[in-house]
Amino acid sequence: MPELPEVETVRRQLEPLLTERRIVDAEAHPSPKFAPAVRAVAHRVGGVRRRGKYLLFDLLDGGDTPRELVVHLGMTGGLHVVDAPSPDPYRRARWELDDGRHLVFRDVRRFGRIAVVPAGDHRSLPTLHDLGPEPFDPVLDAGGFHTRLAGSRRRVKTHLLSQRPIAGVGNIYADEALWRAGIHPGARRVGPERANLLLTALRDVLREALDHDGTTLRDYRTVDGGTGSNQFRLECYGRAGSPCARCRTPLTSRLLDQRTATWCPSCQAR
DNA sequence: CGGGGTTCCTGGCCGC
DNA sequence: TGCGGCCAGGAACCCC
């Protein structure tokens, strides 16, 4: 599932392909999750940005106020730039560019979402609107992160997945970072010391995944259809029953707030 | 207003 | 071999 490293990998690949291109035509699946894609027509793409797991395309020259095309890849979404689109039952949107190429949004399970909003107006996307700071924002420090974590009595993993304490962390990297920091995913209080460890672990895990073009478990693909390689480096996510890489205790897995969580019962004791 | 529950989706996998 | 049933899960949405 695309999280920050996967979305950033896609952003970096899209940027040179889309910047300064004009969108000359578009079509989309009729679902309200995808239909807004066509509203990007006639705009020029000023740049491709990312906030958390959201891709933000600056839309200029639309006739009125600047807009933003917002794309969330959901679970199985992918963006691809192709010369000539081939038939695909899972294509949910297609934008034709003024260089003759096409930007295609493919999403088997339709958990993704496309919106066109006035630039910076994210009221229709509550998670984006209330998104926590970027993990690599130097303004974010251990004290600030602890304050954000302490603002909720929810389980720390559930809180991370809400995107409110920090942006871009999903199930894979939450499990990985909590494992590295030695914090139980169900903990409801995380002190300043552990918050510091967790922030460092999150940054390390996300940076390393980005260096490996993300984690391809099944669906995630880069813009050119390639795969990431971080799946070979996972130490916790999806490894229930395997020995912990630190202490050899078998990792355990359980549903926590309706989400699968995997952790080491020894290294990540309550 | 924070938090909890529900819903959207379909391929892959398991077991018989 | 075929097929019913179950699972994965981000974020919008609804409700208290």
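Proteins get letters first, then strands, A, B, ... in listed order; numbering begins at 1 in each. If you're wondering where the values come from, they're calculated on a predicted model, not measured in any experiment.
- If you check distances only, the side chain of A/R218 never reaches the base of C/dA8 with a donor-acceptor pair under 3.5 Å.
- Here A/T260 reaches the OP1 or OP2 of C/dG9: one of its side-chain N or O atoms lies under 4.0 Å away.
- Within 4.0 Å (heavy atoms only), A/S152 reaches sugar-phosphate atoms of the nucleic acid but no base atom.
- Residue A/H72 places at least one side-chain N or O under 4.0 Å from the OP1 or OP2 atom of C/dA11.
- Distance, A/M1 CE to B/dG11 P: 17 Å, rounded to whole Å.
- Using a 4.0 Å cut-off, some side-chain N or O of A/Y54 falls inside it from OP1 or OP2 of C/dA12.
- Checking A/M75 against A/L125, the closest nucleotide of DNA chain C that is more toward the 5' end is the one next to A/M75.
- Taking the ring centre of A/W179 as origin, the terminal cationic atom of A/R246 falls inside the region bounded by 6.0 Å and 45° from the ring axis.
- Note on A/R154: a side-chain N or O is less than 4.0 Å away from OP1 or OP2 of B/dG4.
- In this structure, A/L255 places its CG atom 13 Å from P of B/dT6, rounding to the nearest Å.
- Of the listed nucleotides (B/dG11, C/dG10, C/dC13), C/dC13 has the atom at the smallest distance from the side chain of A/R113.
- In this structure, A/T127 reaches the C/dA12 phosphate: one of its side-chain N or O atoms is under 4.0 Å from OP1 or OP2.
- Separating the NE2 atom of A/H122 from the P atom of C/dA11 is a distance of 14 Å, rounded to the nearest angstrom.
- Classification of the A/H72-A/Y54 ring pair by plane angle, with boundaries at 30° and 60°, yields perpendicular.
- One can place CZ of A/R188 at 17 Å from P of B/dG2, the figure rounded to the nearest angstrom.
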Could you give the side-chain donor-acceptor pairs of residues 255-266 of chain A under 3.5 Å, partners two or more places apart or in another chain?
unit_1 : atom_1 : unit_2 : atom_2 : d
A/D257 : OD2    : A/T158 : OG1    : 2.6
A/W263 : NE1    : A/H184 : NE2    : 3.4

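- Remark: A/R22 engages A/D61 in a salt bridge, criterion side-chain N to carboxylate O under 4.0 Å.
- If A/D257 and A/K33 are placed on DNA chain B by their nearest nucleotide, the residue sitting closer to the 5' end is A/D257.
- Projected onto DNA chain B by closest heavy-atom contact, A/R153 and A/R259 fall at different nucleotides, the more 5' of which corresponds to A/R153.
- For A/R110, a side-chain nitrogen or oxygen approaches OP1 or OP2 of B/dT10 to under 4.0 Å.
- Residue A/Y237 has a polar side-chain atom (N or O) positioned under 4.0 Å from OP1 or OP2 of C/dG9.
- In this structure, a donor-acceptor pair under 3.5 Å is present between the side chains of A/Y173 and A/T215.
- Spacing between atom CZ of A/R92 and atom P of B/dC8 amounts to 15 Å, rounded to whole angstrom units.
- The pair A/R180-A/E208 meets the salt-bridge criterion, since a charged nitrogen lies less than 4.0 angstrom from a carboxylate oxygen.
- Both geometric conditions, a ring-centre gap below 5.5 Å and a plane tilt below 30°, are not fulfilled together for A/F111 over the base of C/dA11.
- Contact annotation: A/K53 does not reach the phosphate of C/dG10 (side-chain N/O to OP1 or OP2, under 4.0 Å).
- Between A/Q258 and the phosphate of B/dG5, there is a side-chain N or O to OP1/OP2 separation shorter than 4.0 Å.
- Summarising the geometry, the separation between CD1 on A/I114 and P on C/dA12 is reported as 14 Å, rounded to the nearest angstrom.
- The CG atom of A/L217 sits 15 Å away from the C1' atom of C/dG10 (whole-angstrom rounding).
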